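Working notes, structure below.
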Amino acid sequence: MRWTMLLLLGVAACDQTTSPVAMEPEPASVTWTRSAIAPASVPTLPTVIAEVNGGGLAVEDVDGDGDEDLLVARPGTMNTPGTLTLYRNQGRGTFAADPAVGLEPVQGWLTGLATADFDQDGQLDVVVGRLGTDLLLRGTPDGFSEPTELPGSGWTTSMAAADLDGDGDCDLVRVRYLEFDPKAPPPAATYKGIEVLGGPHGLTAEGDDILWNEPGGFRSEALSGSPSYGLNVQVLDLNGDGQLDILVGNDSQANHAYLRQDEGWVERAAAIGLAGNGDGMGQATMGMALSDFNGDGQPDLFSTNFSADTNTFLESVGDGFFADRTAVRGLGVNSRPLLGWSAQFGDVDLDGDEDLLFVNGHVYPQATPSTMGSAWEQPVVLMHRSSNRFVRNDTFPSPPEQGRLAVLFDADGDQDLDVITVTRDGAVNLTTATTLPKQGQGCTIRFPDHFRGRRVQITSGKTTKTIQVRWIPSGGGFQSSSPPAVHASVPNGPIVVQVDGLPTRTYEIESEPRSRSVIWDTSSTTKSTP
């Protein structure tokens, strides 16, 4: 009996040292300022499923002046076509619409956006997802050329640009949702005893594909997974073998994880723990974000889900496998009233670890806390990393809205992270951060497009070395595209930057904000490893 008690006490002691414990939020170090870039432009509430998801967002330096600009696709409705607008960064995070860049021909039922210099002519190109055929807009010195249709048709939601075959240019992964005919929309359904718009259940799912970037144009190749209600895609190395893999988030069905093998991409989500949550259940995955939370150098994956369910945090446990750590990381029960969309990790308080932001809003206008346990309009949520958990930051300004899209980036050039959001009804808002000095200052490192999806390791500090791991964005968010750049908190002095499969680069970082924006030296870099 005595030995049994000692054993139990020993187990309890181990649990105390390894299990996460609730922590108080860190003292506020960021002052946020919210401003409107454009008002809502979709006056009607959704009556069919195609009016639910909203449009697209891309953050990119379109004009090459060193500031990130905005491309915003406003969705179509049953009565009006969508439109695409460029908002140029005027400096210090002020944006103005530019109507003179050739975007007027882009119309239709617009969805997600993807950006890259696909033809490698030095000008940014844009892919516009649509219900129907997707459009390619090639960049020119004066704007964009006439749009051309890409192979295939369906309901594209999210896309990810990446060099999947290692030939030095970006290919494109597209995920699709379901078959929808505006002339014959699905009938209404019932949710919690209330009549609501119908779908996705009962509707025919569509398959996903890769658009290979070849000299004669793009060629479509279907991915092998069963057609599912695809809403998100992210390209990254999931198992540390140096090969880019493809993770697809599906609505109300198991997710897909395509691992790169000799015979191509093989779907293995269930085998490695990425198909759903810890109960083995598929969820309504909308947003996806990744971070090296546990410091093992491998990706840990967060996804947003439907209300009454929890968001999910799948943590790397070694050898390319993942386990559900949602509850112990503080991301479980508090997300049940929320219906989440875009999500991103970023070090918003410049303390060296990454915080988490995700936007929310219900799909049913009838939703109220009393009828569905969730409101129609919901706030953006910012959660600070506090030791081994996340704790919600209540100082982030976010009135309830029809949240859909978001990107974390440095809008005003002060080397901390700001937030751009776009609602389902088309409102565009910027929330800028003013960060008090801390141990480090922000640093942005920009990479060539064909590095997208690659892991980056940043080592800083002259005596005590600090290592931060980031991934060059390729997909994620929701129907959104981030620039091929990573952000970290580093002190003044040298930093060593390692991109998987490439020689290291060393950069000297100074205190002036503009000098803390680094462009990767490509002088000795040719093709990347596929």
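Computed from a prediction, not measured in an experiment: that's the story for all the values here. Each residue takes its place number in the sequence, starting with 1.
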(message) Run the side chain to side chain contact (heavy atoms under 4.5 Å, CB included) test on Asp300 and Leu290 for me, step by step, so that the C-alpha distance in whole Å, both residues' side-chain angles and the decisive distance to 0.1 Å come before the verdict.
(response) CA-CA 6 Å; Asp300 305 308; Leu290 69 151; over 6 Å; no

(message) Can you pull out every salt bridge (charged side-chain N to carboxylate O under 4.0 Å, His left out) where at least one residue sits in residues 183-196? Sequence neighbours excluded, please.
(response) none

(request) Give, for atom CG of Leu150 and atom CZ of Arg219, the distance between the pair rounded to the nearest 0.5 Å. (result) 14.0 Å

(request) Report yes or no: do Ser303 and Gln283 form a side-chain donor-acceptor pair below 3.5 Å? (result) no

(message) Taking the side chain as everything from C-beta on, heavy atoms only, tell me whether Thr444 gets closer than 4.5 Å to Arg446.
(response) no

(message) I need the minimum non-hydrogen distance between Leu45 and Arg424, along with the two atoms involved.
(response) CA-NH2, 3.9 Å

(request) Using the test side chain to side chain contact (heavy atoms under 4.5 Å, CB included), find all partners of Thr80 that sit at least two apart in sequence or belong to another chain. (result) Thr77

(request) Please examine the side chains of Phe409 and Leu70, heavy atoms only from C-beta on, and report whether any two atoms are closer than 4.5 Å. (result) yes

(message) Can you confirm whether Phe95 sits close enough to Ile420 that some side-chain heavy atom of one is under 4.5 Å from a side-chain heavy atom of the other?
(response) no

(message) Is the distance between the ring centroids of His362 and Phe306 under 6.0 Å?
(response) yes

(request) Taking all heavy atoms of Pro379 and all of Asn360, pick out the closest pair and write down the distance. (result) O-ND2, 2.8 Å

(request) Indicate yes or no for a side-chain donor-acceptor contact from Ser252 to the backbone of Ala284 under 3.5 Å, with no hydrogens or angles considered. (result) no

(message) Counting C-beta onward and ignoring hydrogens, is there a side-chain heavy-atom pair between Phe118 and Asp169 closer than 4.5 Å?
(response) no

(request) Kindly determine whether Asp209 and Arg176 satisfy side chain to side chain contact (heavy atoms under 4.5 Å, CB included), including the steps that lead there. (result) CA-CA 9 Å; Asp209 70 347; Arg176 292 200 172 102; 4.0 Å; yes

(message) Check this for me: does any side-chain nitrogen of one of Arg404 and Glu51 sit under 4.0 Å from a carboxylate oxygen of the other?
(response) no

(request) Go through the structure and list residues passing side chain to side chain contact (heavy atoms under 4.5 Å, CB included) with Pro151, not counting sequence neighbours. (result) Leu211, Phe218, Ser220

(request) Using salt bridge (Lys or Arg N to Asp or Glu O under 4.0 Å) as the criterion, list what pairs up with Arg34, not counting sequence neighbours. (result) Glu401

Which atom pairs, donor and acceptor, lie under 3.5 Å between side-chain atoms of residues 100-109 and protein residues at least two apart or in another chain?
from	atom 1	to	atom 2	distance (Å)
Trp109	NE1	Ala50	O	3.0
Trp109	NE1	Gly76	O	3.3

(request) Heavy atoms only: give me the nearest Gly453-Trp471 pair and the separation to one decimal. (result) O-CD1, 3.8 Å

Please list, one pair per line, the donor and acceptor atoms closer than 3.5 Å that link side chains of residues 231-238 to other protein atoms, with sequence neighbours excluded.
from	atom 1	to	atom 2	distance (Å)
Asn232	ND2	Met286	O	2.6
Asn232	ND2	Gly477	O	2.2
Asp237	OD1	Asn239	N	3.3
Asp237	OD1	Gly240	N	2.9
Asp237	OD1	Asp241	N	3.4
Asp237	OD2	Asp241	N	3.3
Asp237	OD2	Gly242	N	2.8

(message) If we count only N and O atoms by modelled type, under 3.5 Å, do the side chains of Asp412 and Thr432 hold a donor and an acceptor together?
(response) no

(request) Would you mind listing every side chain to side chain donor-acceptor pair (under 3.5 Å) that reaches into residues 125-141, with sequence neighbours excluded? (result) Asp119-Arg138, Arg130-Thr133, Thr133-Glu149, Asp134-Thr156, Asp134-Arg174

(request) Flag the pair Ile246 / Ile210 as yes when at least one side-chain heavy-atom distance between them is below 4.5 Å, and no otherwise. (result) yes

(message) What's the separation between atom OG1 in Thr285 and atom NE2 in His256, rounded to the nearest 0.5 Å?
(response) 11.0 Å

(message) Looking at every heavy atom in both Gly403 and Val359, which two are closest together, and how far apart are they?
(response) C-CG2, 4.2 Å

(request) Give the C-alpha distance, both sets of side-chain angles, the deciding distance and a yes or no for side chain to side chain contact (heavy atoms under 4.5 Å, CB included) between Val456 and Ile472. (result) CA-CA 7 Å; Val456 180; Ile472 304 170; 3.5 Å; yes

(request) Output the distance between atom CH2 (Trp341) and atom CD (Gln479), rounded to the nearest 0.5 Å. (result) 8.0 Å

(message) Quick check for you: to the nearest 0.5 Å, what is the distance between Thr421 atom OG1 and Asn429 atom CG?
(response) 4.5 Å

(request) Measure the CD-CG distance between Glu206 and Asp208 for me, rounded to the nearest 0.5 Å. (result) 9.0 Å

(request) Quick one: sort the Phe302 and Phe358 rings into parallel, tilted or perpendicular, breaks at 30° and 60°. (result) tilted

(message) To check you understand the geometry: which heavy-atom pair defines the closest contact between Asp121 and Gly139, and what is its length?
(response) OD2-O, 3.7 Å

(request) Please report the closest heavy-atom contact between Tyr87 and Ala38, naming both atoms and the distance. (result) OH-CB, 3.5 Å

(request) Kindly check if the number of other-residue, nucleotide or ligand heavy atoms within 6.0 Å of CD1 (Ile194) is above 12? (result) yes

(message) I need the Glu60 CD to Leu113 CG distance, nearest 0.5 Å.
(response) 11.0 Å

(request) Name all residues meeting the salt bridge (Lys or Arg N to Asp or Glu O under 4.0 Å) criterion together with Glu377; count only those two or more places apart in sequence or in a different chain, and write none if there are none. (result) none

(request) Can you run down the salt bridge (charged side-chain N to carboxylate O under 4.0 Å, His left out) pairs that involve residues 81-102, sequence neighbours left out, and say none if there aren't any? (result) Asp63-Arg88, Arg88-Asp98

(message) Would you say CE of Met78 has more than 12 non-hydrogen atoms from neighbouring residues, nucleotides or ligands within 6.0 angstrom?
(response) yes

(message) Could you check whether any side-chain heavy atom of Val62 comes within less than 4.5 Å of a side-chain heavy atom of Phe144, counting everything from C-beta outward?
(response) yes

(request) Return yes if a side-chain donor-acceptor contact under 3.5 Å exists between Ser482 and Gln344, otherwise no. (result) yes

(request) Please identify each residue that fulfils salt bridge (Lys or Arg N to Asp or Glu O under 4.0 Å) with Arg74, with sequence neighbours left out. (result) none

(request) Decide yes or no on side chain to side chain contact (heavy atoms under 4.5 Å, CB included) for Phe396 and Val348, but give the supporting numbers first. (result) CA-CA 11 Å; Phe396 186 79; Val348 300; over 6 Å; no

(request) Check the angle between the aromatic planes of Tyr364 and Tyr191 and answer parallel, tilted or perpendicular using the 30° and 60° thresholds. (result) tilted

(message) Pairing donors with acceptors under 3.5 angstrom, does anything connect the side chains of Glu221 and Trp212?
(response) yes

(message) According to salt bridge (Lys or Arg N to Asp or Glu O under 4.0 Å), who are the partners of Arg455, at least two apart in sequence or on a separate chain?
(response) Asp500

(message) According to side chain to side chain donor-acceptor pair (under 3.5 Å), who are the partners of Thr157, at least two apart in sequence or on a separate chain?
(response) none

(message) side-chain hydrogen bond (donor to acceptor under 3.5 Å, both in side chains), that's the test. Do Thr312 and Asn305 meet it? Break it down for me.
(response) CA-CA 8 Å; Thr312 301; Asn305 296 299; 3.3 Å; yes

(request) Evaluate the side-chain proximity of Asp61 to Pro483: yes if any heavy-atom separation is below 4.5 Å, no if none is. (result) no

(request) Determine whether Val173 and Leu223 make a side-chain contact, defined as any pair of heavy atoms from C-beta on separated by less than 4.5 Å. (result) yes

